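To start, the structure under review is shown below, and the notes come after it.
Everything numeric here is computed off the predicted structure, so don't read it as measured data.
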Amino acid sequence: MNTSESLQNEVEQELRWDPSIKAEHVGVTVNGEVVQLDGRVNSLWEKWAAEGAALRVKNVKAVANEIEVEWPSTNQCSDEDIAQAAINHLEWNASVPETVKVMVCNGWITLSGSVGAHYQRCEAERALLSMNGIKGIMNEIEIEPKVSVNGVEISISEAFVRSAAIDASHIRVETNEGNVTLRGHVSTRADRAEAERTAWSAPGVTNVDDLLTIEGVGENMDNQGH
């Protein structure tokens with residue numbers, strides 16, 4: 001079995017291992033260290049879970065998620081019903097401010113408006129993933145921090161030093177107002193994700209450009225967004 005076949009087999013096993021995924025509905029193809037998922041599932045949550053499962057597999061560099069969400073005809077919801085349900089979900093979520101707006105077209109939700117921090121932007125999207133009837137979410141929420149961006153570079157560097165999961169000696173932090181660039185290398189994809197999460201947590205950050213490389217890979221990985 002060659003490397004691509006071995007990686008494909010491991011991804012398929014991981015999909016079968018996750019009880020939230022009907023693995024028989026998901027196709028897997030591998031090109032080098034890039035995995036493509038296709039097929040049809042019954043919820044956006046399952047599509048998201050399949051991507052997460054593939055990314056958990058060792059040596060997977062990136063995932064192209066081409067899975068389509070296709071709701072059974074008996075469970076179809078109108079755009080108006082989806083919009084009202086989405087508004088209710090967000091209103092009951094303490095992490096999402098009322099500045100977030102919702103628009104629905106053909107089962108696709110577009111989130112807009114502004115929030116003060118990255119985690120609020122992510123939480124608005126996460127809160128809707130398990131809703132019935134939706135085919136996808138486009139997150140266009142802008143981050144407008146309400147705090148000064150002074151000292152962001154120092155704050156992030158200090159957070160890296162405190163972290164048990166990050167080797168700060170191999171990471172360089174560059175800032176330009178609220179924009180943060182991470183350079184250097186880490187040992188694993190998990191370390192890379194933790195470094196990006198830590199940078200996003202700094203007050204005043206509006207964007208993180210993650211240029212970190214994984215040791216042994218030799219090139220940058222594309223941001224995945226989960």
Check your understanding: Quick one: does Ser163's side chain have a donor or acceptor within less than 3.5 Å of a partner on Ala159's backbone?
Key -> no
Exercise for review: Could you tell me which non-hydrogen atom of Asn42 sits nearest to which non-hydrogen atom of Glu70, and how far apart they are?
Suggested key: OD1-O, 3.2 Å
Study note, to complete from the structure: The side chain to side chain donor-acceptor pair (under 3.5 Å) partners of Asn139 (sequence neighbours excluded) come to Glu125
Revision key, fill the gap. All heavy atoms of His25 vs all of Arg40, minimum pair found to be CB-O, 3.2 Å
Practice item. Say whether, by atom type as modelled, one donor and one acceptor occur between the side chain of Arg121 and the main chain of Ile141 under 3.5 angstrom. Key: yes
Point to revise | Atom pair CG/CD of Asn31 and Gln8 - distance to nearest 0.5 Å | key: 11.5 Å
Review point. Does the side chain of Asn9 come under 3.5 Å of the side chain of Glu5 through a donor N or O and an acceptor N or O?
Key: no
Practice item. Would you check if Glu98 and Glu91 make a side-chain contact, meaning some heavy-atom pair closer than 4.5 Å? Key: no
Check your understanding: Just by distance, do the side chain of Ser130 and the backbone of Trp45 share a donor-acceptor pair under 3.5 Å?
Key -> no
**Study point:** Within 6.0 angstrom of Glu80 CD, more than 12 heavy atoms from elsewhere
**Key:** no
Exercise for review: Report whether Val180 and Tyr119 are members of the same hydrophobic cluster (ILVMFWY, side-chain heavy atoms less than 4.5 Å apart, transitive linking).
Suggested key: no
Review point. Would you say the side-chain atoms of Thr175 pair up with the backbone N or O of Glu177, donor to acceptor, closer than 3.5 Å?
Key: no
Review point. Can you tell me if Asn65 uses its side chain to pair, donor with acceptor, with the backbone of Lys47 under 3.5 Å?
Key: yes
Point to revise | ILVMFWY cluster, Val100 and Ile137 together (side-chain gap under 4.5 Å) | key: yes
Check your understanding: Considering only heavy atoms from C-beta outward, does the side chain of Ile82 approach that of Asn132 to under 4.5 Å?
Key -> no
Check your understanding: Is the CD atom of Glu142 crowded by more than 12 outside heavy atoms at less than 6.0 Å?
Key -> no
Review point. Do Glu123 and Asn93 have side-chain atoms, one donor and one acceptor, less than 3.5 Å apart?
Key: yes
